[in-house]
Amino acid sequence: MVQLGSNSFIKKVERMQFLLTQLESVIGEEFLSTELETVLKEIKPMFHILIMGEVSSGKSSLISSLLHEQNINEFTSIQESNETSVPIYIRYADIPYIRAQFFTDEIIHEVEKEIKSLEINEDEHQGDIEYLKYIHDKLVNNKKIFRARGEQLGISEEINIDIRDRQSIFRQLKEVSASSSGNEELDAISKISFGYDNEFLRKTRNIEFIDCVGSGEPNPIISLKLDKVLKSNIDIVLFVFPDLSIKTSFTSLFNHTSTNKLIKEGRFVIVLNKLDQLGDRLYKASKKEELIGKFKKALLKNCPLIKDSINEIKFFTLSLHAIEGKLKNKWLVKESAPLKIFSIRQLNELREYFSESQYEIAKKTKRISAFKGQLQTLFQLFESLSDETESKVKKSESFRRIFESLIPEMEKVDGSLRQQKDKKGCFSIIEAKCHEFMSNIDWEKYTEMVSFQSMGNSKKLFREIRNFSNNLVKKIYDDHISQLYGIIMQEIEEKINAAFSEYVFKQDLLLQENLQQIISPDEDKDFRPFSASLMGQRELFWNTTSDPLAEANRKRDFEQYAYKYLSNCDWNTPRDAKLPYLRSLLSNNLKDCCHNYVKDYFLDGGEYYLRAEEYLNQTDRTLEDHLKMYQNTKKLYTSQIWIQRNRERIKSYSEELIHLAREADVLLQKYQASIQA
Ligand SMILES: Nc1nc2c(ncn2[C@@H]2O[C@H](COP(=O)(O)OP(=O)(O)OP(=O)(O)O)[C@@H](O)[C@H]2O)c(=O)[nH]1
Ligand SMILES: [Mg+2]
C-alpha cells in the first residue's frame, strides 16, 4: 500500500510547496493579481502557526528558542516594552529576504466609510468614532510621507539586506519591526515577511510562524494589524500566558467560530510561560499538572463554552531557559539548571507536535488531487503574463530610455513646484500691497472742498453729512478701490503663472510628448496636456475676476457695504461744531470704512481672499492628479520591466511544478486504488 505520510508522495508535495514559496518570493506579492493569488493560496498548503499573547508575554523569545537561535534572543529585545510592532511572518528561504507590506489605500476608504456609517448615531458611537478617526489620520499621514517619497501605500517593498552575516540580518529585521528602532514608517507597515536559512525551518519548510504583535495593546494601529492577522487563515494558534490571569484579549478570541474549530481539532496550544516567575520547582511533573489544573479551572470560569473541548487544548509549560546557551538578561531571569532541562524538554515536545500536525493536516487536505489542473492554470497565467509583457516591453524598449531619463526630470520639477506652491507667500504680498495702497490715499483731499449749509441745525447737519459720505464713497471706489482689485488680481495671476510656468514648460515639452508615445504608442487618443487643464483654471479665474459685469457687482457690493457701515457710525455733532471738526469726522469715518472693507474682503478669511484661495487650491489639486498619474505610470512600467527580467525563473519553476504535480497525481491514484482494493 502506498503510504501518504512518509514516502515520496509527501516529499513531492513538500517540493511543490517549496517551489511555490520560491515562486511567490520571486514574483513578489505586489505583482500577483488577485486571480493569481487565489490560485496560489488554494494549491499551497502552507501552515500558519500564530504565536499570540499579551504584550511582553515572551512570544518573540519563545520563537527564538523554538528556532534554536543561540542565546541572542534574535526576535526579541531585552526591554519590557511592546517591542514587536508589526506581525513577522517567518519561514525558510535559502537566500534571506525581508519584505514589508504596507497598508493599502482601500483601508483608508474602508475606515472612512465606517466612520460615516457610525456618525448616523453619533452619540452612541462616540468612542468608536474617535478610535477610527485616530486610525484614519495616522494612515493618511503615512500616505503623505509616502507620497513625498514618490511611493504609494499598498505595495510591498523589498528591504535591501546586507546578507554577510546573520547578526546583521536580524539587526535589520529589528530596524523595520521593533518599536525601539524608532522607524517612522512602522505604523504604515501591516506585515513583514522574513525568510532566512535556519535548520529547524528547513525541516518544516511548509510552516510559516507568525510572531505577532502583543494583544491588549492600546495603540489602535497595532490592534488593526492584529485584526488583519486574525482574519487570515491560521492553522495553529499558540497563546502565551506570562501568568495565570485571563484577559479579554484571550476570551474575545472565542467570538470567532474558527477558534472553537481549532480547539476541537486539537490545533490550539496554550503555553504557560515565564515559569521562573510563576512559582518554585514548577519543573516537577506533579507541579506541572497542578499548575495546568489550576489554569484550566480559571479558563472554564472565564470561557464556560469550552467545557466540552477543553481537553483538546494542548498545554506546555515553559520559560526563557529553553534558549540555547547562557541567559543574556540575568538581572531579569535567574539561571536554573533543572528549569533549563525541563524547558528544553517541553520545547522539544512542542517542536514534535508542530511537525506531526503538519503531516496530519497534509494528509487531510483534499486539494492535492486538484493540484494538476490548477497548476496548469497557473502556468498558463504566467505564460500569458510574461508573453504579453515581452511584447509590450519590446514595443516600448526604445521609449524606456526616454522614460527612465525623464524620471529624474519629473522629480526635479516636482521639487521646484512644491517650493513655489506656498500660498502663504502670495497672500502676505497681497496683505502688504493692501496696506501700502491704503496708506497712500489722501483722505483729507475728499473733504477739503466740502462745506456745510446747515451749521447750527444739528438735525439738518446730520442728514447733510450722511449725504456727503455716501457720495464720496462712490468717488473713492472709482479712484482707488477698483484699482486695488486690479492689483490683487494681478498678484494672484502672477502667482499662478510663476508657480506653474516652469512646470508646464518642462512637462509639455519634455514629458508630455514622450509620455504620450510610451503610454499609448498606437492609440490615436486626444491627449490633453497638463498645461491645458492648468491654463483652463487660470482662464476661469481671469474671466470671473475681470468681466465688466463682475466689475459692476463689485462696485455695488462696495457701496452697500459702505452704506451699512456709515449708517452705524457716530455722526452726532455738538451744536457749535466748527468746519474743520466736521471735515475730519467725515474723513475719519470714510477712512475707517474703507480699511474695514479691505480687511473683510481681501485679507485673511475675507470673501475675495477665500475665492482666490479656492482657485489656488484647485490648481494644486490638478497638479496632484497629474503627479499621481506619473507615479502610476512609473510603477506600471517598473513592474513590466521586472516581470520580463524574471521571466526565465518564473517559467522554470512553473514547469517543474507541473511535472511534479503530474507525478504526485499518479501516486495519489495508486494510493486511492490500494485503499479500495
Ligand atoms: N522572567 C522571564 N522573563 C522572560 C521570559 N521570557 C521572556 N522574558 C522577558 O520578557 C520580556 C518580553 O519578552 P519578548 O519575547 O519580547 O515578549 P513579546 O511577547 O514578544 O513582547 P511584545 O513583542 O512586546 O509583545 C523580555 O524582557 C524577555 O527577556 C521568561 O521565561 N522568564
Ligand atoms: Mg515580540
Side-chain angles (χ1 to χ4, degrees), residues 49-67 69-90 170 173-183 186 189 191-192 194 209-219 221-227 229-230 237-245 247 249-250 269-283 288 291 316-347 350:
I49 299 183
L50 174 63
I51 319 288
M52 61 183 303
E54 287 281 318
V55 169
S56 241
S57 49
K59 303 176 288 296
S60 301
S61 310
L62 173 58
I63 292 183
S64 301
S65 313
L66 195 68
L67 304 190
E69 289 303 348
Q70 309 279 347
N71 190 30
I72 34 177
N73 295 353
E74 299 204 79
F75 289 94
T76 182
S77 82
I78 44 176
Q79 290 166 18
E80 283 273 4
S81 65
N82 193 0
E83 186 60 356
T84 316
S85 299
V86 185
I88 309 173
Y89 287 61
I90 308 157
F170 276 90
L173 179 68
K174 266 186 206 164
E175 271 164 25
V176 288
S177 67
S179 62
S180 58
S181 69
N183 176 5
L186 261 176
I189 304 176
K191 82 179 223 195
I192 284 174
F194 173 51
F209 291 96
I210 308 169
D211 183 8
C212 207
V213 294
S215 316
E217 159 62 44
N219 178 346
I221 295 272
I222 293 203
S223 24
L224 193 70
K225 295 176 190 180
L226 178 63
D227 282 352
V229 178
L230 286 177
V237 166
L238 185 152
F239 207 100
V240 181
F241 285 89
D243 51 45
L244 302 188
S245 65
K247 308 238 165 72
S249 58
F250 180 78
V269 182
I270 286 178
V271 169
L272 301 177
N273 200 26
K274 303 202 180 182
L275 219 48
D276 54 310
Q277 290 187 347
L278 287 181
D280 270 349
R281 305 166 83 78
L282 280 172
Y283 42 83
K288 179 191 156 196
L291 183 74
F316 293 86
T317 57
L318 265 177
S319 83
L320 186 62
H321 297 76
I323 201 114
E324 272 150 49
K326 284 205 166 79
L327 290 171
K328 198 182 181 187
N329 41 353
K330 284 207 189 95
W331 66 91
L332 206 75
V333 197
K334 280 208 176 67
E335 288 280 10
S336 155
L339 196 51
K340 190 170 196 79
I341 296 168
F342 176 84
S343 291
I344 291 178
R345 203 172 292 150
Q346 280 284 291
L347 198 65
L350 188 60

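Counting starts at 1 for both ligands and their atoms, in listed order. Values below: every heavy atom of this structure, side chains too, minus hydrogens, waters and symmetry copies. In what follows, residues are counted from 1 in the order of the sequence shown. Computed from a prediction, not measured in an experiment: that's the story for all the values here.
- Here Thr84 meets the criterion, with an N, O or S atom under 2.8 Å of the Mg ion (ligand 2).
- Within the 3.5 Å criterion, the main-chain N or O of Ile344 finds no donor-acceptor partner in the side chain of His321.
- In summary, the atoms of ligand 1 found under 4.0 Å from a heavy atom of Ser60, numbered by their order in the structure, are 15 (O), 18 (P), 20 (O).
- Counting heavy atoms of neighbouring residues, nucleotides and ligands inside a 6.0 Å radius, atom CG of Asp280 does not exceed 12 of them.
- Of the possible donor and acceptor atoms, one in the side chain of Asn273 sits under 3.5 Å from a partner among the backbone N and O of Ser57.
- Between Gln277 and ligand 1, a contact under 3.5 Å exists for at least one N or O pair.
- Ser215 has its side chain within reach of Leu226: a pair of non-hydrogen atoms, C-beta onward, lies under 4.5 Å apart.
- The distance from the Mg ion (ligand 2) to the nearest N/O/S atom of Ser60 is under 2.8 Å.
- Residue Ser57 places a heavy atom under 4.0 Å from ligand 1.
- No side-chain heavy atom of Leu62 sits less than 4.5 Å from a side-chain heavy atom of Asp211.
- Taking only nitrogen or oxygen atoms, main chain and side chain alike, Gly58 reaches within less than 3.5 Å of ligand 1.
- Counting heavy atoms under 4.0 Å from ligand 1, residue Leu320 touches it through both backbone and side chain.
- Proximity to Gly214 (heavy-atom distance under 4.0 Å) selects the following atoms of ligand 1: 25 (O).
- At a 3.5 angstrom cut-off on N or O pairs, Val213 does not count as close to ligand 1.
- Listed by number with element, the atoms of ligand 1 under 4.0 Å from a non-hydrogen atom of Ser319 are 31 (O).
- Counting heavy atoms from C-beta outward, Thr317 and Phe342 have side chains that approach closer than 4.5 Å.
- Each of the following atoms of ligand 1 lies closer than 4.0 Å to a heavy atom of Val55: 25 (O).
- Separation of the Phe194 and Phe170 ring centroids falls under the 6.0 Å cut-off.
- Residue Lys59 has at least one heavy-atom neighbour below 4.0 Å for each of these atoms of ligand 1: 15 (O), 17 (O), 18 (P), 19 (O), 20 (O), 21 (O), 22 (P), 25 (O).
- Atom CD1 of Ile88 sits about 11.0 Å away from atom NZ of Lys59, to the nearest 0.5 Å.
- Between the Lys225 side chain and the Ile189 main chain, a donor and an acceptor come within less than 3.5 Å of each other.
- Polar contact check, Asp211 against ligand 1: no nitrogen or oxygen pair lies under 3.5 Å apart.
- Near Glu83, meaning under 4.0 Å from one of its heavy atoms, ligand 1 places the atoms 22 (P), 23 (O), 24 (O).
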